[in-house]
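Down below is the structure, laid out as C-alpha cells.
Side chains are part of it too, since the values below use all heavy atoms of this structure and drop only hydrogens, waters and symmetry mates.
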Amino acid sequence: MKIALTGHRPQRLFGHNLANEQWQRISDWIKKVLMENECTVAFSGMASGSDMLYALAVKEIKENGIDIDLKLVFPCDGYGSRSKDKRYLAWRQQIIDASDERIFIHDQWCNTADDDRDKYMVDNCDKLIAIFDGIEAGGVFKTINYAKSLGKEIIYCPSELVRKQG
C-alpha cells in the first residue's frame, strides 16, 4: 500500500517543535494508520510541520524493523536546505539519511513547485492521509480536492488531534 500525506505547516497547527505533546499525538496516530493499512511505500513532501512529522514517524517504523520505503518528494532541488532553524535542518538530514529515494519535481523553485509536488504524490499513492484543520483554503484543501477528483481514499486525522488546545 502506497500512502502519501498532506498536512499543515507549523504556524497553522502547533508550532515548530515537533517533539511537543500535540504533534506527538498526531505522530502516534500516523504510525497506527500506516501499520493498519500495511503501508509499504510512504511519500513525504518534506515541508516543515506535518510532512516532516510524517517522515519522522516512517523513519521510526523503519527503525523498528518494519519494511517500508520512505520516498521524499521535493518540489525542487535544495528545498528546505536554507532554513535557519537548526532543529528543522537536523530533522531534515535524519530523514534524508533514512530515505530510500529522493524525487525532485523541478530543478529549481517555480510558482507551481508545491502544487506539482502534491499532485505527484497523490498521483502515485493509493491512499492519502490528511492532517486538515477543516478550513477550506490553502494547499492541504487543494490537495484533498485533487485526491477526491481521482477517487483516492482519504484518511483524515481526527479533529480532536488537529484542534488547537486552549
Problem set entry | Chi angles and distances behind the side-chain contact (heavy atoms from CB on, under 4.5 Å) call for Y120, V122 | CA-CA 6 Å; Y120 176 91; V122 170; over 6 Å; no
Problem set entry | side-chain contact (heavy atoms from CB on, under 4.5 Å) assessment of I131 paired with V140 | CA-CA 8 Å; I131 310 298; V140 174; over 6 Å; no
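Applying the side-chain hydrogen bond (donor to acceptor under 3.5 Å, both in side chains) test to S27 and every residue at least two apart in sequence or in another chain returns nothing. By the side-chain hydrogen bond (donor to acceptor under 3.5 Å, both in side chains) test, D116 pairs with H106, T112, sequence neighbours left out. Annotation: side-chain hydrogen bond (donor to acceptor under 3.5 Å, both in side chains) contacts of K71 (sequence neighbours excluded): E101.
The shortest distance between side-chain heavy atoms of I3 and V41 does not fall below 4.5 Å. Within the 4.5 Å cutoff, the side chain of L18 has heavy atoms near those of the M52 side chain.
Residue pairs satisfying the salt bridge (charged side-chain N to carboxylate O under 4.0 Å, His left out) criterion with at least one member in residues 36-51, sequence neighbours excluded, are listed as follows: K32-E36. The list of ring-ring contact (aromatic ring centres under 6.0 Å, His included) pairs with a residue in residues 25-64, not counting sequence neighbours, is empty. Sorted by first and then second residue, the ring-ring contact (aromatic ring centres under 6.0 Å, His included) pairs involving residues 55-75 (not counting sequence neighbours) are F74-F104.
Note on ring orientation: taking the six-membered ring where Trp is involved, the planes of F14 and W23 are perpendicular (angle over 60°, cut-offs 30° and 60°).
Pairing each heavy atom of R92 with each of Y79, the nearest pair is NH2-O, 2.8 Å.
Ion pairing between K142 and D115 holds under the 4.0 Å rule for side-chain N and carboxylate O. Remark: D100 engages K62 in a salt bridge, criterion side-chain N to carboxylate O under 4.0 Å. Using a 4.0 Å cut-off between charged side-chain N and carboxylate O, R117 and D114 make a salt bridge.
Counted by atom type alone, Q24 and D28 present zero donor-acceptor pairs between their side chains at under 3.5 Å.
Taken to the nearest 0.5 Å, the CG atom of L56 stands 11.5 Å off from the CD1 atom of I61.
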